[in-house]
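All remarks here apply to the structure that follows.
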Amino acid sequence: MHLTSLNPPKEDANAALAAHRGLLERTSRTARVAGILRELIIDGSFRPGARLSEPDICAALDVSRNTVREAFQILIEDRLVSHELNRGVFVRVPSAEDIAELYICRRVVESAGVRDFDPETGNLSDVAVALELAEERLAADDWTGVGTADIHFHRAIAGLSNSSRIDELMGGVWNELRLVFHVMDDAHRFHSPYLARNHEIYSALKAGDNATAVELLQRYLYDARDQILADYPAAVEKLSGRT
């Protein structure tokens, strides 16, 4: 058997590609709708527990029901929404187990970035910029902004590993964490104790004291997790009364 007989002619391959042209256009449109909805969920426009109305989204974005349903499926896989039988699609309210797992993931990844950071060759500029943003938002008494800056800070800490795969992995963690913060709905009380602690972590890293930075970071993450878990049941109950 000749090797050429194992492969289809180029013309046949191109015809097969052309047959999928419509799917490509639909998939691209679905991804764009999912991206729009993702951003609105992350920024709190759609709050945890809120029902996502398929007809309203279709009308607002001028897209078909199939496109919206496919976008919902992407967001379900992202753990940002859930489908409830005979009720519809809702923005997820993370569980206590979700929170515990998020913080396990954060401890592993962020600690590795801090532990292995080389102050001689590493770059702390993104970490510093996040702290500056937090201080600006604090001066404006914008505690939601402080919370956003806190996520930027810890995203930059995780990014010290210089791995695009870790960054991609952690993208879902940060998005789920925003859902948790939206449930808490008391940005001042939750974020006020931690800004100074972020500065301490940064100072230790800048000084090359990685061991202290890891210790500070891990203590921070344990304390943040415990505070959330202690307050979470009441926050979810309050949320249920609003939705």
Side-chain angles (χ1 to χ4, degrees), residues 17-85 87-95 98-99 101-103 105-106 109-110 126 129-130 133-134 137 142 144-159 161-185 187 191 239 242-243:
L17 283 173
H20 288 80
R21 188 179 303 153
L23 177 62
L24 178 63
E25 180 179 346
R26 187 185 73 191
T27 302
S28 176
R29 194 170 179 82
T30 297
R32 289 197 297 270
V33 171
I36 292 168
L37 293 174
R38 184 184 297 110
E39 288 303 314
L40 292 174
I41 290 169
I42 291 169
D43 73 13
S45 297
F46 292 122
R47 308 286 291 183
R51 183 176 180 276
L52 299 179
S53 168
E54 188 178 293
D56 288 350
I57 294 170
C58 290
L61 297 179
D62 190 24
V63 293
S64 70
R65 282 179 173 262
N66 280 342
T67 297
V68 172
R69 288 169 183 168
E70 290 168 357
F72 282 164
Q73 188 58 45
I74 293 173
L75 298 176
I76 288 171
E77 293 172 0
D78 288 349
R79 301 178 62 82
L80 293 178
V81 306
S82 59
H83 179 264
E84 298 183 19
L85 190 62
R87 294 194 65 220
V89 173
F90 295 80
V91 179
R92 281 190 71 237
V93 178
S95 67
D98 290 326
I99 294 168
E101 289 194 12
L102 288 170
Y103 275 84
C105 187
R106 291 187 64 186
V109 174
E110 292 185 52
D126 287 346
V129 167
L133 176 61
R137 293 299 85 211
D142 173 13
T144 299
V146 172
T148 298
D150 178 76
I151 290 181
H152 289 329
F153 175 87
H154 288 276
R155 186 191 293 266
I157 289 290
S161 293
N162 294 316
S163 167
S164 60
R165 287 174 174 80
I166 289 177
D167 293 342
E168 184 178 354
L169 164 73
M170 292 300 290
V173 171
W174 306 126
N175 289 346
E176 277 195 82
L177 197 63
R178 290 299 294 268
L179 290 184
V180 174
F181 289 170
H182 289 320
V183 172
M184 297 299 289
D185 199 32
H191 293 295
L239 180 71
R242 294 196 303 264
T243 56

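Reckoned from all heavy atoms, side chains included, excluding hydrogens, waters and symmetry mates.
Taking all atoms of both residues into account, the shortest heavy-atom contact from Ala149 to Ala130 is CB-O, 3.8 Å. Residues Ser28 and Arg32 approach most closely at OG-NH1, 2.8 Å, considering heavy atoms. Ala134 approaches Val146 most closely through the heavy-atom pair O-CG2, 3.8 Å. Minimum interatomic distance between Ile166 and Ser161 (heavy atoms only, all atoms of both residues): CD1-CB, 3.9 Å. Contact between Val91 and Pro48 at its shortest, heavy atoms only, is CG1-CA, 3.6 Å. Closest of all the heavy-atom pairs between Thr148 and Arg178 is OG1-NH2, 3.5 Å.
Although no hydrogens or angles enter the test, the distance criterion places no donor-acceptor pair under 3.5 Å between the side chain of Arg106 and the main chain of Val173. Between the Arg137 side chain and the Thr144 main chain, no donor and acceptor come within less than 3.5 Å of each other. Side-chain N or O atoms of His182 include one that pairs as donor or acceptor with a backbone N or O of Ile42 at under 3.5 Å.
In this structure, CG in Leu52 is found 5.0 Å from CD1 in Ile57, a value given to the nearest 0.5 Å. Rounded to the nearest 0.5 Å, atoms CG (Asn175) and CE (Met170) are 11.0 Å apart. Here the CG-CZ distance, from Asp150 to Arg155, works out to 12.0 Å after rounding to the nearest 0.5 Å. One distance of note links CG of Leu169 with SG of Cys105; it measures 5.0 Å at 0.5 Å rounding. Atom CD of Gln73 is separated from atom OG1 of Thr30 by 11.5 Å, given to the nearest 0.5 angstrom. Taken to the nearest 0.5 Å, the CD atom of Glu110 stands 8.5 Å off from the CZ atom of Phe153.
A salt bridge (Lys or Arg N to Asp or Glu O under 4.0 Å) check over residues 59-68, counting only residues at least two apart or in different chains, returns the pairs Glu54-Arg65.
Put simply, the side chain of Phe90 reaches to within 4.5 Å of the side chain of Glu84, judged on heavy atoms. Residues Arg38 and Phe46 form no side-chain contact, since every pair of their non-hydrogen atoms from C-beta on lies 4.5 Å or further apart.
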Inset, instruction - Give the C-alpha distance, both sets of side-chain angles, the deciding distance and a yes or no for side-chain hydrogen bond (donor to acceptor under 3.5 Å, both in side chains) between Asp43 and Ser45. - result: CA-CA 6 Å; Asp43 73 13; Ser45 297; 2.7 Å; yes
Inset, instruction - Decide yes or no on side-chain contact (heavy atoms from CB on, under 4.5 Å) for Leu37 and Phe72, but give the supporting numbers first. - result: CA-CA 9 Å; Leu37 293 174; Phe72 282 164; 4.0 Å; yes
Legend entry - Steps toward side-chain contact (heavy atoms from CB on, under 4.5 Å) verdict (Leu177, Tyr103): CA-CA 9 Å; Leu177 197 63; Tyr103 275 84; 3.9 Å; yes
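Ser53 meets the side-chain hydrogen bond (donor to acceptor under 3.5 Å, both in side chains) test with Asp56; sequence neighbours excluded. Residues satisfying the side-chain hydrogen bond (donor to acceptor under 3.5 Å, both in side chains) test with Asp98, not counting sequence neighbours, are Arg79, Arg92, Ser95.
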